[in-house]
Structure formats: C-alpha cells, structure tokens
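Worksheet for the structure shown next.
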Protein chains: 2
Amino acid sequence: MRYMPRASAIREVATKPTLGPPAYVVLGMIGLGARSGYEIKQMVELSIRFFWTISQAQIYPSLETLERVGLISGRAEPRGKRPRRVYDITEQGNAELERWLSDDEPIPFELRDIALVKLFFAEAMDREQALALLVRVKERSEQQIVTLRHIEPAAELVDQQGNPSPLLTLRMGVAFHQAMIDVCAEFEPKFHARP
Amino acid sequence: MRYMPRASAIREVATKPTLGPPAYVVLGMIGLGARSGYEIKQMVELSIRFFWTISQAQIYPSLETLERVGLISGRAEPRGKRPRRVYDITEQGNAELERWLSDDEPIPFELRDIALVKLFFAEAMDREQALALLVRVKERSEQQIVTLRHIEPAAELVDQQGNPSPLLTLRMGVAFHQAMIDVCAEFEPKFHARP
DNA sequence: TTCTCCATGTAAGTAGTTACATGATTGG
DNA sequence: CCAATCATGTAACTACTTACATGGAGAA
C-alpha cells in the first residue's frame, strides 16, 4: 500500500527509530497471543486482512526490531531440529502499544481501489462494457460479504465474551461493501440508458 | 498504498513494458482533457483522490513513458521563458485506455486503514480511550462527507450532461463513510459499558 | 512416497514517498 | 514588492512485494 509517513526524520535521529504501522500490527498480534512469525501471519489473514495486510517478509524483521528495543521478548523453541522463535509482549511493549493506540494524531483515511478509478473513467467505454464493469464491482463486494459472513460466528463469540472489537471491524467490512452494492444498484439504470 | 503486481516479468520482457495503474490514471486524465502534468495533479485532487492518489513525482515519468509508447503526443508550449509541455491522447491511447478499462481480470479489493487496525486492537486500551478512538473514527468520516458534499454540485452537473461516473464515485464515497458512521454509532453503547 | 502444513529467512526488485531546486506569472 | 499559484523536474529514501531456498513433521 501506500506510503505512510513515520515521524519526522529529525526526531528519529534525536531519539530512537520510530516504529512503522507494520511493527505495531506485529506488536498488537503478539499482545493478542500470537507466538511465532507464522502465527502472526495466520492471525492477520483471519482478522484484519480486510483492511490491512502484511507479508511474511515484513514480519521477521519487525520481530527483530521489536525485540531489540525491548517491546517483546523472544526465546528459541525449536520444533525438532528446525529453529523456531516464540515471543511474548513485555511490560514496555504493552505500554507502547497502548500509547500508540491512544495517541491522538489525526489518522488519515486512505482507500486505494483501482476498480473505482475504472468506474470514474467509464465514459471512455461503450455502454455494454461500462455496465459489465459496474456489475463486476457489485459482484466483487457481494463476494467479500460472503467471506466476511464466514468469520462472523467467531467474532460474535468473542463479542459475547466481552470484546466487541473484532465484531465491530467485521461489521464495518460488511456495511462498507453493502454500501458499494447499493450505489451500484442505484446507478445501473443510468448505465443502461447511455449512448 | 499497496503493491499492485503488474503482468508477469516474462511477458514484460517478451513483448513490451506493461504500464502500471499510475500510468493509466495519467492516460485517463489526459483523455478527459487535462493537458499538463500540473493539470493532471489538480484534476486528481478534485476527482478521484478519495480512492486514488498520485504524487507529482510519479506524473512526469509516466507522461514520458506514455509519449514514448505513442499513447499520448506532447508538444512544447512554454509559458514565458519557463518550459512547459502539453499533451493530447492519441488514437492508440484511446484504444489502450478502453482495453484497460474493459479488460476482465478480477480486480482485487484493497483497503488499508490504520484506524480500523487500531479499533481492532482497542481492547488493549482502557474504556475512555477506546471510546475516544471510536468517536474520532466517526468524526473523521463525517469530515470526509462534508468534503465530498462540496464537490457534489459539480458532479451532478456532469451527470445531467450525460456522464454519471463522477457522481457515482462520489456517492460511493458518501455511502462508504455513512456506513462507517452507522457502525460506530451502533457500537458506541458497547464501548461505554466495558471494564 | 509424496503431499500439505508448519516455519524461517533472504534477495532482488517495484512502487511510492518527501524534500528540495528552480523560476515565471498574476493579483493584492 | 511580496505572496500565492503555475509548472517541471530530481535525489534520496522507505515500504512493500514476489520469488526463492530450506527443511521438519504428520498424514494419506
């Protein structure tokens, strides 16, 4: 995705390297009980991947950095002869996670969807093709909702156990795509009656 | 944003360099009548910036590439002594834009929003802070809607002239943020009553 | 035995960013 | 005359990606 500027270079040099969003995602997942890099990747795919992704190649360097600055502590726990490292969040890690979560800098909204770009330029196509694009965008959102509904029972369970956050973000996803579907449906007639 | 894989490297070597999304955005904007790099940047900010951004440092190299492969044609049109280059889309450019718009590869949906990540991890904060975050996310969407409503009259005018696309994408944005607001409002009580 | 999953890590590359440099024109 | 806007371009950098390499463990 996109470049998310970290704190100013000046401050970075003056104090210590600022962590980027991927490092906080890793920290948060360790805080929620993920133990290895592999488990972090799995948890991301099952939870936040609707609005955030992280590649394996980012996770391991992040774990190293987080351990170096004392926010997590790791120890070797090999499976057979294969090396493996598991981590726990430290006191400082919890404190830093909380600080990051509650820090009140404005959070810029950022959506990057080439499908909407194509819809914006749809006039450059003929009628059938523009309509086909609109239908594809609608179907894409329908598919996303199906996927999200799949993990809904798990999120509801966690909600009943007192943590509404996963259900909240899941409902965001559903509402979001439902909104896209509704707008597509609303504009379909206009896309039918065109030169 | 995010890495958007272009076509396979093999094909790229075998035939000719594949254009990435930024180049098509530039091509599309030239097609809609933008003439200079500067105008492209302005048009993007006034139209698609809700779901796509492009930095000036990307625009000029894209213009060069597009001209080299014959999709746009440029000529010098200096303002005073300062050099300036203006462009028009070519026949091939129109054809390639249409091909890209109607090509039926699946378009992956991609949202990347650190605010939702923070909401997902909200349990790590205490009640007041979690609630404050929820409220901030809601207000952020309210602000986005205000901005979008601002350009709505222009989009409606273009719609009445027979091009519904800008209004469609604008309505997407509004519906999108309204969905976020609704979900935030729905979960606010749950965030009040928490340990 | 061979397939899939668990698991870690690196190399090479692409995409995108900010920050800077430069200077003309227009409006107050 | 000064600030804002028009306008183009580059350098240095950060973030992130894909592809690959490696290999153990368990199941079919």
Side-chain angles (χ1 to χ4, degrees), chain A residues 1-13 17-26 34-46 49 52-65 67 74-87 108 110 112 114, chain B residues 1-13 17-26 34-46 49 52-65 67 74-87 108 110 112 114:
Chain A
M1 182 166 254
R2 255 324 255 315
Y3 186 81
M4 176 78 60
R6 308 187 297 125
S8 86
I10 292 155
R11 194 173 130 200
E12 197 155 339
V13 171
T18 310
L19 302 169
Y24 284 104
V25 168
V26 168
R35 300 179 67 72
S36 65
Y38 192 83
E39 276 182 34
I40 291 168
K41 178 69 176 157
Q42 308 299 97
M43 273 184 73
V44 167
E45 293 307 306
L46 284 173
R49 83 118 177 253
W52 199 269
T53 60
I54 190 165
S55 75
Q56 184 228 51
Q58 281 177 284
I59 292 174
Y60 294 102
S62 292
L63 284 170
E64 247 177 73
T65 306
E67 186 168 21
R75 61 190 179 287
E77 200 166 277
R79 290 287 206 216
K81 280 166 199 164
R82 193 77 194 148
R84 176 168 170 265
R85 216 172 158 71
V86 294
Y87 299 88
E110 214 185 305
R112 204 167 166 81
I114 204 71
Chain B
M1 163 137 271
R2 248 345 243 311
Y3 185 82
M4 176 79 60
R6 308 187 296 127
S8 86
I10 291 154
R11 195 173 130 200
E12 198 156 339
V13 171
T18 310
L19 302 170
Y24 284 103
V25 169
V26 168
R35 301 178 68 70
S36 64
Y38 192 83
E39 276 183 33
I40 291 167
K41 177 67 176 159
Q42 309 299 98
M43 274 185 72
V44 167
E45 292 307 307
L46 284 173
R49 83 120 176 253
W52 199 268
T53 61
I54 190 166
S55 74
Q56 183 229 53
Q58 280 177 285
I59 293 173
Y60 294 102
S62 291
L63 285 169
E64 248 178 73
T65 306
E67 186 168 21
R75 61 190 178 287
E77 200 167 278
R79 291 284 207 215
K81 282 165 196 163
R82 191 80 194 147
R84 176 167 169 265
R85 216 174 159 71
V86 294
Y87 299 88
E110 214 185 304
R112 205 167 166 82
I114 203 71

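In what follows, chains carry the letters A, B, and so on, assigned in the order in which the sequence lines appear, proteins first and then strands, with residues in each chain numbered from 1. In this text, all values refer to a predicted model and were calculated from it rather than measured experimentally.
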To the nearest Å, how far apart are [X] [atom1] and [N] [atom2]?
X       : N       : atom1 : atom2 : result
E110(B) : dA15(D) : CD    : C1'   : 13 Å
Y24(B)  : dA15(C) : OH    : P     : 13 Å
K41(A)  : dT18(D) : NZ    : C1'   : 12 Å
Q58(A)  : dA11(C) : CD    : P     : 17 Å
I59(A)  : dT10(C) : CD1   : P     : 14 Å
L63(B)  : dA7(D)  : CG    : C1'   : 12 Å
I54(A)  : dC16(D) : CD1   : C1'   : 10 Å
I114(B) : dA15(D) : CD1   : P     : 12 Å

Restricting both atoms to N or O, compile the protein contacts to nucleotides 5-7 of chain C shorter than 3.5 Å, with distance only.
from   : atom 1 : to     : atom 2 : distance (Å)
dC6(C) : OP2    : Y38(A) : OH     : 3.0
dA7(C) : OP1    : R79(A) : NE     : 3.4
dA7(C) : OP1    : R84(A) : NE     : 3.1

* Asked: Under 4.0 Å between a side-chain N/O of S55(A) and OP1 or OP2 of dT17(D), yes or no?
  -> yes

* Please check the phosphate of dC16(D) (OP1 and OP2 only) for any side-chain N or O of T53(A) closer than 4.0 Å. =>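 No, because none of the side-chain N or O atoms of T53(A) sits under 4.0 Å from OP1 or OP2 of dC16(D).
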
* Could you give the distance from CH2 (W52(A)) to CD (E110(B)), rounded to the nearest 0.5 Å? ->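 One finds 10.5 Å between CH2 of W52(A) and CD of E110(B).
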
* **NZ-CZ distance between K41(A) and R49(A), expressed to the nearest 0.5 angstrom** => 9.0 Å

* In sequence, state the C-alpha distance, the side-chain angles, and the governing distance for L63(A) and I40(A), and then conclude on side-chain contact (heavy atoms from CB on, under 4.5 Å). => CA-CA 10 Å; L63(A) 284 170; I40(A) 291 168; 3.9 Å; yes

* Using a heavy-atom cut-off of under 4.0 Å over every strand shown, decide if P22(A) touches base, sugar-phosphate, or nothing. => sugar-phosphate

* With distance as the sole test, does S62(A) use its side chain to make a donor-acceptor pair with the main-chain N or O of Q58(A) at under 3.5 Å? -> yes

Do the non-hydrogen side-chain atoms of [X] and [Y] ever get within less than 4.5 Å of each other?
X      : Y      : answer
Y87(B) : E67(B) : yes
V44(B) : Q42(B) : no
E39(B) : S36(B) : yes

